[in-house]
2 protein chains.
Amino acid sequence: MDPLVREINQYLVTIFNDVLAIEAESLRDGEFSDLSIKEMHTIEAIGMYKEHTTTEVSRKLGITVGTLTVSVNHLVKKGYVERVRSEDDRRVVKLGLTNKGRLLYRVHDKFHRDMVKETIDEMDPEEAQMLTKGLRNLYQFLEVTKQQLKKKDKK
Amino acid sequence: MDPLVREINQYLVTIFNDVLAIEAESLRDGEFSDLSIKEMHTIEAIGMYKEHTTTEVSRKLGITVGTLTVSVNHLVKKGYVERVRSEDDRRVVKLGLTNKGRLLYRVHDKFHRDMVKETIDEMDPEEAQMLTKGLRNLYQFLEVTKQQLKKKDKK
DNA sequence: AATAATACTTTGATTATCAAATTGTTTGAC
DNA sequence: GTCAAACAATTTGATAATCAAAGTATTATT
């Protein structure tokens with residue numbers, strides 16, 4: 001087996017665990033310690049600009065709509081998220097962030113970007129491009145895989 | 001703000017969610033549907049070869065020792081994991097996989113490696129090296145950050 | 001020998017998760 | 001136009017995941 005594959009795989013697994021652990025840790029000590037890391041990611045997925053429906057956000061997070069509804073209940077109660085019924089289709093709920101939610105989003109986003117920035121500052125621009133390309137490939141592969149799974153599911 | 005930073009960040013977040021969703025989905029349909037994705041990752045962290053203590057594995061996963069103990073209780077009951085008291089120091093528990101656990105480890109590992117392999121097959125060898133280098137940098141940055149957090153914690 | 005430190009476990013409370021049942025709304029068939 | 005089917009979201013019940021804090025057993029220190 002290709003040792004490069006093994007190495008990349010190893011990095012991915014460790015990076016994911018590390019990012020999670022670091023995020024959780026800095027969340028616990030900080031200004032927003034009433035939130036779990038999962039709730040943080042839900043806020044991230046709801047996002048700043050476009051309004052997103054419950055179904056869209058749940059798909060983005062890879063959880064069921066029911067799970068998201070429960071989580072959003074908490075986040076509304078804590079004052080981070082707002083629900084707005086769509087005018088076009090009254091079945092649909094659009095999720096958005098409150099001011100407090102947007103503040104948190106910015107803090108978390110900065111954390112992420114600093115992390116990435118520190119990394120690519122070590123690299124010359126060409127290398128940074130390569131990293132991006134690699135990630136883009138991985139991303140595309142995963143999107144295709146996800147589509148295939150969904151199809152298989154319907155059968 | 002550097003658009004490359006934003007792009008890389010975006011990929012990382014999405015890749016993260018996608019991998020989780022795909023893993024969870026293929027777990028649900030497969031041979032090992034008595035396991036959750038978290039339990040799967042615990043088995044991954046316990047690993048095939050070296051024996052690891054409870055503390056080591058919990059650190060690797062970024063969860064508390066108590067949480068791991070509970071999880072290991074389930075995995076032992078389901079027949080994937082074994083506990084062995086250390087002879088040298090009888091406070092210490094070494095975690096290992098049963099035959100069933102090792103089988104699962106291989107299946108999951110193959111899934112991961114296939115994922116990575118598909119990605120780098122699209123790239124020429126030089127590009128693959130660059131991706132690796134980028135990931136290594138990110139990994140190292142995170143390890144340092146983790147250490148710093150731990151120190152701050154002790155104060 | 002007593003005390004402190006360490007490794008793990010247990011407990012109680014909260015959150016995360018899913019599948020299935022339920023509610024309210026829209027679409028399509030007739 | 002009405003009614004059934006489809007759809008979006010919510011609620012519910014059960015189980016798993018998580019933490020902090022308290023407890024147990026063992027080893028190290030003084």
Side-chain angles (χ1 to χ4, degrees), chain A residues 17 20-21 23-29 32-43 45-46 51-78 80-96 153-154, chain B residues 17 20-21 23-25 27-29 32-43 45-46 51-78 80-95 153-154:
Chain A
N17 283 331
L20 269 191
E23 284 184 348
E25 178 85 23
S26 41
L27 206 55
R28 259 196 297 282
D29 310 345
F32 298 101
S33 56
D34 62 333
L35 288 178
S36 75
I37 184 65
K38 303 275 179 172
E39 291 176 316
M40 179 67 251
H41 284 153
T42 302
I43 286 169
I46 291 173
E51 296 182 313
H52 294 288
T53 69
T54 304
T55 300
E56 280 166 7
V57 173
S58 74
R59 194 163 298 155
K60 203 166 166 186
L61 290 169
I63 59 180
T64 64
V65 190
T67 300
L68 182 59
T69 295
V70 173
S71 175
V72 167
N73 288 347
H74 294 147
L75 290 172
V76 168
K77 206 173 291 171
K78 291 179 187 171
Y80 292 94
V81 172
E82 281 172 342
R83 278 190 172 103
V84 182
R85 279 273 160 200
S86 164
E87 288 305 313
D88 309 357
D89 181 342
R90 300 200 39 73
R91 290 171 303 181
V92 171
V93 168
K94 304 241 172 146
L95 299 174
D153 224 31
K154 295 240 165 147
Chain B
N17 284 329
L20 273 189
E23 285 184 349
E25 178 86 23
L27 205 56
R28 258 197 296 281
D29 310 345
F32 298 102
S33 55
D34 63 333
L35 288 177
S36 75
I37 184 66
K38 305 274 178 174
E39 290 176 318
M40 181 65 252
H41 285 153
T42 302
I43 285 169
I46 291 172
E51 294 183 313
H52 295 288
T53 69
T54 304
T55 301
E56 281 165 7
V57 173
S58 75
R59 194 163 297 155
K60 202 165 166 188
L61 290 170
I63 59 181
T64 64
V65 190
T67 300
L68 183 59
T69 295
V70 173
S71 174
V72 167
N73 287 347
H74 294 147
L75 290 172
V76 168
K77 206 172 292 171
K78 292 179 188 170
Y80 293 93
V81 172
E82 280 171 343
R83 277 191 173 100
V84 183
R85 280 272 161 201
S86 164
E87 288 305 313
D88 309 356
D89 181 342
R90 300 203 37 75
R91 292 171 302 181
V92 171
V93 168
K94 305 241 170 145
L95 299 175
D153 226 30
K154 293 240 165 148

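The figures that follow rest on heavy atoms only: side chains count, while hydrogens, waters and symmetry mates do not. Throughout, protein chains are lettered first and strands after them, A, B, ... in sequence-line order, and every chain is numbered starting at 1.
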Would you please name every residue forming a salt bridge (Lys or Arg N to Asp or Glu O under 4.0 Å) with A:R91, sequence neighbours left out?
-> A:D89
Sequence neighbours excluded, the answer for side-chain hydrogen bond (donor to acceptor under 3.5 Å, both in side chains) partners of B:E56 is B:H52
CA sep, side-chain torsions, deciding dist, call: A:V92, A:R85, side-chain contact (heavy atoms from CB on, under 4.5 Å) | CA-CA 6 Å; A:V92 171; A:R85 279 273 160 200; over 6 Å; no
If you restrict it to nitrogen or oxygen atoms, what contacts under 3.5 Å exist between nucleotides 17-20 of chain D and the protein, and what is each distance?
from, atom 1, to, atom 2, distance (Å)
D:dA17, OP1, B:S36, OG, 2.5
D:dT18, OP1, B:K38, NZ, 3.3
D:dC19, OP2, B:T64, N, 2.9
D:dC19, OP2, B:T64, OG1, 3.1
D:dC19, OP2, B:T67, OG1, 2.7

How many Å lie between CD on A:E51 and P on D:dA8, as a whole number?
-> 17 Å
Can you tell if the side chain of B:V72 reaches within under 4.5 Å of the side chain of B:T54, non-hydrogen atoms only?
-> no
Under 4.0 angstrom, heavy atoms only, what part of the nucleic acid is B:T54 near: base, sugar-phosphate, or nothing?
-> sugar-phosphate
Sorted by chain and number, sequence neighbours left out, side chain to side chain contact (heavy atoms under 4.5 Å, CB included) with A:K78 holds for A:D34, A:L35, A:E39, A:Y80
Side chains of B:R59 and A:N17, donor plus acceptor under 3.5 Å = no
Using side chain to side chain contact (heavy atoms under 4.5 Å, CB included) as the criterion, list what pairs up with A:V70, not counting sequence neighbours.
-> A:H74
Which two nucleotides bound the region of DNA chain C that has atoms under 4.0 Å from heavy atoms of chain A, read 5' to 3'?
-> C:dT15 to C:dT26
Whole-Å gap separating C1' (D:dT11) and CZ (A:R83) | 11 Å
Write out all pairs satisfying salt bridge (charged side-chain N to carboxylate O under 4.0 Å, His left out) with one or both partners inside residues 64-75 of chain B, taking only residues at least two apart or from two chains.
-> none
Under the side chain to side chain contact (heavy atoms under 4.5 Å, CB included) test, residues paired with B:T64 that sit two or more places apart | B:T67
Salt bridge (Lys or Arg N to Asp or Glu O under 4.0 Å) partners of A:R90, counting only residues at least two apart = none
At a cut-off of 3.5 Å, list every protein nitrogen or oxygen paired with a nitrogen or oxygen from nucleotides 24-30 of chain D, distance to 0.1 Å.
from, atom 1, to, atom 2, distance (Å)
D:dT27, OP1, B:R90, N, 3.0

